Amino acid sequence: MEKIRVMSVFGTRPEAIKMCPLVKELAKHPEIESLCCVTAQHRQMLDSVLDVFDIKPDYDLDIMTPRQTLSTITSKCLTGMDDAIEALKPDMILVHGDTSTTFAGALAAFYHQVPVGHVEAGLRTYDKYSPFPEEMNRKLVTGIADLYFCPTQNNKDNLLREGVDKGLFVTGNTVIDALMTTVRKDYKFETAELNELPYESKKIILVTCHRRENYGEPMKNIMLALKHIAQTHEDVELVYPVHLSPVVREAVDKYLRGTPRVHLIDPLSADEMHNLMARCYLVMTDSGGLQEEAPALGKPVLVLRHETERPEAVTAGTVKLAGVDQHTIEEMADRLICDKAAYDEMAHAVNPYGDGKACERIAQAILWHFGKGEKPEEMKA
Ligand code: UD1
Ligand code: UDP
């Protein structure tokens, strides 16, 4: 029997965390040959995830350069993908989310007339420049894709409103599948500093910040707010694994480094990060993935952005938009640190983003698409 050659393409940390469980799930099906092509838009942060999930790519474009521009990422991915497609001869290409790798991967697939499955389809802010360039990347991929794996019903509704009416599946987000394999009660950190944090006696705030639309003034405001929070609350410790982007590291060095009670550390592996999140008090972030993971773990999130394409946890009450104004961020954090009732109102586990079976549903939908299985049941809200 000829196997269906399904090539998963990803390049950055979050795509890897959300695609590695799928690469493994596809490999369980005898009808499928699960292939993995990485662009390495991120190098170290990608390799760390591949290690955690023990995945060895079949093809590696190795494109990353320091301070890479959007155009260089896209053009290097696009030409590199020509070689990968010719070498691996996929019957279907899977891309994830909204990065430059996602867009270039889908475009290359289209040029080779290979059908595309879009994992994490249908997220929208309807603001072309925020998040930048992600909102446009995911819209462009919508025009190319054949199958749409929507994390939530809300994401599917967005696509239906845009006139996409075929190949839609509500699957849940594969990040919840990943989280279920990484978080453990008895987890011991490899990063010594994390084992020594006063989880019981102090409030640990987990921070990340990296978005391109926050570069410049917004990032400065965020850093100054974090500094103020650490300086004014003796019962708080901030733990901030700093993204490897030189732009982010410069802002951190300029405005935050040296502040007492602020732990600036290198990026954590996915398992360290997920277990730290499970033990922290509060999450402050502009990340997309953290907005999905923290609610599942019952941790309140202050989002350091004006908008979100993930409104489900805002509706459920565990996520609030704090924006990028220094004083507003400080006030919202103060409230959650000092007002137990306000904190308790937000700190409950909700799982609008998945039930841990997203990868199974996606594999089933692919088999169905190729006439090898039943149509999967969609995830119920
Ligand atoms: C990218 C994605 C963004 C996603 C984020 C996840 C685009 C346009 N942006 O943004 O959607 O939220 O990844 O983190 O696709 N670097 C390293 N080593 C690494 C990773 C990055 O040194 O392992 C440095 C390099 O100097 C690189 C820079 O970080 O040039 C920025 O990386 P890039 O992928 O361009 O942008 P991100 O902000 O990471
Ligand atoms: N993450 C990680 N180590 C870190 C910071 C984040 O493993 O030091 C994980 C995080 O748990 C989530 C993903 O990386 O699964 C989010 O990636 P990121 O914030 O870089 O991108 P985004 O989700 O905003 O696209």
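Predicted model only: the values in this text are computed from it and were never measured. Note that ligands are numbered from 1 as they come in the structure, with each ligand's atoms numbered from 1 the same way.
Contact atoms of ligand 1 toward P133: 8 (C) (distance under 4.0 Å to a heavy atom of the residue). In summary, the atoms of ligand 1 found under 4.0 Å from a heavy atom of P66, numbered by their order in the structure, are 26 (O), 30 (O). Those atoms of ligand 1 that come under 4.0 Å of a heavy atom in M45, given as number and element, are 19 (C), 20 (C), 23 (O). Counting atoms of ligand 1 from 1 in the listed order, those under 4.0 Å from a heavy atom of P14 are 6 (C), 14 (O). The ligand atoms of ligand 1 that sit less than 4.0 angstrom from a heavy atom of I73 are 35 (O).
Taking any N or O of H210, backbone or side chain, at least one lies under 3.5 Å from an N or O belonging to ligand 1. Residue-to-ligand polar distances place Q44 within reach of ligand 1: an N/O pair is separated by less than 3.5 Å. Any N or O atom pair closer than 3.5 Å counts here, and Q41 shares at least one such pair with ligand 1. Polar contact with ligand 1: present for T65 (N/O pair, distance under 3.5 Å). Here's the thing with T12: none of its N/O atoms is less than 3.5 angstrom from an N/O atom of ligand 1.
Ionic pairing of K357 and D177 is not present here: no N-O contact between side-chain nitrogen and carboxylate oxygen is shorter than 4.0 angstrom. Salt bridge status for E309 with R138: present, with a side-chain N to carboxylate O gap under 4.0 Å. Here E120 pairs with K18 in a salt bridge; the nearest charged N to carboxylate O distance falls below 4.0 Å.
Heavy atoms of other residues, nucleotides or ligands lying less than 6.0 angstrom from CZ of F370 number more than 12. Counting heavy-atom neighbours within 6.0 Å of K220 NZ, excluding the residue itself, gives a total of 12 or less.
Nearest-residue assignment for atom 24 (C) of ligand 1 (options T208, L244, L70; heavy-atom criterion): L244.
Nearest protein heavy-atom neighbour of atom 32 (O) of ligand 1: Q68 NE2, 3.5 Å. Atom 39 (O) of ligand 1 has its closest protein heavy atom at H42 NE2, 2.6 Å. Taking atom 16 (N) of ligand 1 as the reference point, the nearest protein heavy-atom neighbour is M64 SD, 3.6 Å. Closest protein heavy atom to atom 8 (C) of ligand 1: S100 OG, 3.2 Å.
When side chains are defined from C-beta on, Q41 counts as touching Q68, because their heavy atoms get closer than 4.5 Å.
Contact annotation for T99 and ligand 1: heavy atoms of both the backbone and the side chain come within less than 4.0 Å of the ligand. The proximity of R212 to ligand 1, defined as any non-hydrogen pair under 4.0 Å, is limited to the side chain. Contacts with ligand 1 closer than 4.0 Å are made by heavy atoms of both the backbone and the side chain of S245. The part of P246 lying near ligand 1 is the side chain, judged by heavy-atom distances below 4.0 Å. Residue-level proximity to ligand 1 for E134 is carried by the side chain, the only part with a heavy atom below 4.0 angstrom.
In this structure, the separation between CE on M81 and OH on Y59 is 10.5 Å, given to the nearest 0.5 Å. We find the CG-CG distance between D58 and L88 to be 6.0 Å, quoted to the nearest 0.5 Å. The CD1 atom of I63 sits 3.5 Å away from the SG atom of C77 when rounded to the nearest 0.5 Å.
Every residue meeting the side chain to side chain contact (heavy atoms under 4.5 Å, CB included) condition with A225, not counting sequence neighbours, appears here in chain and number order: Q326, I329, E330.
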### Task
Go through the steps for D157 and Q153 under the test side-chain hydrogen bond (donor to acceptor under 3.5 Å, both in side chains), then give the verdict.
CA-CA 6 Å; D157 291 342; Q153 181 63 42; 3.0 Å; yes
### Query
Would S48 and S269 satisfy side-chain hydrogen bond (donor to acceptor under 3.5 Å, both in side chains), going step by step from the backbone distance to the final call?
CA-CA 6 Å; S48 158; S269 66; 5.1 Å; no
### Task
Report the C-alpha distance between T102 and T99 in whole Å, list the side-chain angles of each, state the deciding distance to 0.1 Å, and finish with yes or no for side-chain hydrogen bond (donor to acceptor under 3.5 Å, both in side chains).
CA-CA 5 Å; T102 316; T99 71; 2.9 Å; yes
#### Entry: Audit row: S130, D127, side-chain hydrogen bond (donor to acceptor under 3.5 Å, both in side chains) steps and yes/no
CA-CA 5 Å; S130 190; D127 180 344; 4.5 Å; no
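Ring pair F132/Y129 is tilted by interplanar angle, where 30° to 60° counts as tilted. Taking the six-membered ring where tryptophan is involved, the planes of F189 and Y199 are essentially parallel, since the angle between them stays under 30° and well short of 60°.
Closer than 4.0 angstrom to ligand 2 lie heavy atoms from R13, P14, I17, H210, R211, P241, P267, L268, S269, A270, M273, H274, M277, S287, G288, G289, L290, E293.
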